[in-house]
Protein chains: 2
Amino acid sequence: MSIRVNRKPGDVYQHGDLRRALVKAGLKLLSESGEAGLSLRAAAELAGVSHAAPYRHFRDKHALVAAIAEEGFRLLTQHMREAAAACAPGDPLGRLRALAHGYVSFAVRHPAYFRTIFGGAVCPEGETPPAGLREAGAEAYRVLRDTVAEGIAAGALRPGDADQLSLAAWSLVHGLGMLIVEGQLPDTRSHPARVKAVTDGMVTLLEVGLRRVR
Amino acid sequence: MSIRVNRKPGDVYQHGDLRRALVKAGLKLLSESGEAGLSLRAAAELAGVSHAAPYRHFRDKHALVAAIAEEGFRLLTQHMREAAAACAPGDPLGRLRALAHGYVSFAVRHPAYFRTIFGGAVCPEGETPPAGLREAGAEAYRVLRDTVAEGIAAGALRPGDADQLSLAAWSLVHGLGMLIVEGQLPDTRSHPARVKAVTDGMVTLLEVGLRRVR
DNA sequence: ACCTGAACACCGTTCAAGT
DNA sequence: ACCTGAACACCGTTCAAGT
């Protein structure tokens with residue numbers, strides 16, 4: 001048996017890392033050409049392999065897209081965490097607001113990632129997304145839920161089921177992000193200031209609604 | 001000039017109605033095979049014409065999908081109206097709740113329509129959906145906004161900007177519908193009772209938040 | 001074990017040609 | 001004016017064959 005050590009100039013991935021290289025290529029394709037530009041063959045070409053090679057690592061295109069979406073979801077979670085980190089500790093309402101801004105601003109800044117994460121290409125229609133992607137989603141949800149629970153415990157939020165409040169908050173920012181990205185809110189499309197204002201207004205509404213009445 | 005009166009057995013559309021026949025074929029494909037089954041060629045075949053014929057009526061596939069989405073949006077609006085009609089007049093809060101249930105239940109019952117209406121296939125990425133689809137969206141929004149305005153005027157809802165409240169309500173139900181349809185809420189996927197319960201809880205939360213404090 | 005190249009069925013789009 | 005049929009470039013997927 002021989003292990004190839006020298007790679008040809010065209011090779012852009014390390015031996016054994018084709019899977020990772022394909023995911024990275026997919027993210028690049030999404031950034032540069034949008035969802036329409038994401039094809040299995042283009043990802044293979046970017047990774048420097050034949051169009052059939054990806055099938056060694058992914059059962060079908062859905063599986064590749066799901067892996068790309070999982071990576072995108074972790075970027076979204078990181079984006080939310082960073083937005084919240086700028087906030088003073090012990091201020092769950094401010095943290096909630098920061099998470100909301102982080103979520104919506106990620107959607108606006110990376111529309112192709114956002115669409116892919118929550119799009120139907122991730123698995124056959126009618127099926128549930130694969131475990132890795134669901135776990136990435138659960139991680140993002142946990143960040144939100146922890147903040148909501150903290151807010152309830154601190155008495156800043158109206159007492160209630162933390163999951164119900166969290167799901168409502170998620171639906172709110174997710175719906176807003178989707179409507180903006182899909183062009184249903186023409187005023188906000190590519191008007192960052194308008195996006196921020198609309199998000200702010202909506203978060204204020206959420207806060208007013210969820211705040212504990214004193 | 002001659003007008004063809006007799007159609008061959010394979011013809012399924014009236015002369016001059018190919019456009020309508022293609023939209024109808026598209027809706028059928030969506031219902032039966034989902035988004036993946038919606039192709040220009042399949043729609044043409046269902047309508048009984050060659051794969052090149054649609055280009056007489058639609059500039060490209062985006063234009064056909066947009067026309068199908070417009071029709072789907074009008075079905076969604078009708079679904080909302082019917083849900084609200086079962087409600088006592090002069091009860092804006094109940095009407096708002098009915099609209100929310102109508103919106104989410106349409107998403108669950110017609111996931112392929114819902115995905116297509118708000119999906120990226122409706123126009124090239126980065127562009128705004130065509131006028132017809134935007135008007136269909138504006139019509140649905142008006143139904144919601146009128147109810148919100150009525151609620152404010154009647155003193156049932158907290159005073160405020162009707163557009164801001166309406167956008168928040170739309171985002172909430174849209175986000176919930178999307179998360180369910182895309183399989184992000186595994187508990188609700190194909191569990192109608194659970195969907196109803198979750199929607200109900202969220203609408204209650206919305207009501208509590210928006211209700212005028214007495 | 002991992003990848004290649006040919007092959008297949010499908011797709012969107014264009015265009016000369018037919019009526 | 002409206003549609004057809006061939007053609008082109010692309011796609012996902014499979015499979016025998018190579019190392």
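What you see is a predicted model, and the numbers here were worked out from it, not measured in a lab. Protein chains get the first letters and strands the later ones, always in sequence-line order, with residue 1 at the start of each. Both backbone and side-chain heavy atoms feed into the values below; hydrogens, waters and symmetry mates do not.
- Straight-line distance from the CG atom of A:L29 to the C1' atom of D:dC11: 14 Å, rounded to whole Å.
- Shown are A:D146, A:T147, A:V148; of these, the side chain to side chain contact (heavy atoms under 4.5 Å, CB included) with A:R95 is made only by A:T147.
- Across D:dT4, C:dC2, D:dT13, the shortest atom-to-atom separation from the side chain of A:L40 is found for D:dT13.
- The main-chain N or O of A:A162 is never found under 3.5 Å from a side-chain atom of A:R145 such that the two would form a donor-acceptor pair.
- Rounded to whole Å, the distance from OH on B:Y55 to C1' on D:dC8 is 13 Å.
- D:dC3 atom C1' lies 16 Å from atom CG of B:D17, rounded to whole Å.
- The separation between A:H62 atom NE2 and D:dC11 atom P is 17 Å, rounded to whole Å.
- Between B:H51 and B:L40, the shortest heavy-atom distance links the atoms O-CD2, 4.0 Å.
- Across A:S171 and B:L172, no two heavy atoms sit closer than the pair CB-O, 3.5 Å.
- Closest approach to the B:H51 side chain among C:dG5, D:dC3, C:dT14 is made by C:dT14 (side chain taken as heavy atoms from C-beta onward).
- As rounded to whole Å, 10 Å separates atom P of D:dT13 from atom CG of A:L64.
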query = Once Watson-Crick and G-U wobble pairs under 3.5 Å are found, how is DNA chain D written in dot-bracket notation, 5' to 3', with | for any base paired to another strand?
reply = ||.|||||...|||||.||

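- Judged by distance alone, with hydrogens and angles left aside, A:R41 brings a side-chain donor or acceptor within reach of the base of D:dT13, the pair sitting under 3.5 Å.
- Atom CD in B:E35 sits about 16 Å away from atom C1' in C:dC11, given to the nearest Å.
- Side-chain atoms of B:R194 and B:V198, non-hydrogen and from C-beta on, do get closer than 4.5 Å to each other.
- The CZ-P distance, from A:R56 to D:dA16, rounds to 12 Å in whole Å.
- Side-chain contact between B:L76 and B:Y113: absent, with no pair of heavy atoms (C-beta onward) separated by less than 4.5 Å.
- Which of C:dT14, C:dC3, C:dT13 sits closest to the side chain of A:L18 comes down to C:dC3.
- Remark: aromatic rings of B:F114 and B:H110 are distant, center separation not under 6.0 Å.
- What separates NZ of A:K61 from P of C:dC11 is a distance of 14 Å, to the nearest Å.
- Nucleic acid contact class of A:S39 (heavy atoms, under 4.0 Å, all strands): sugar-phosphate only.
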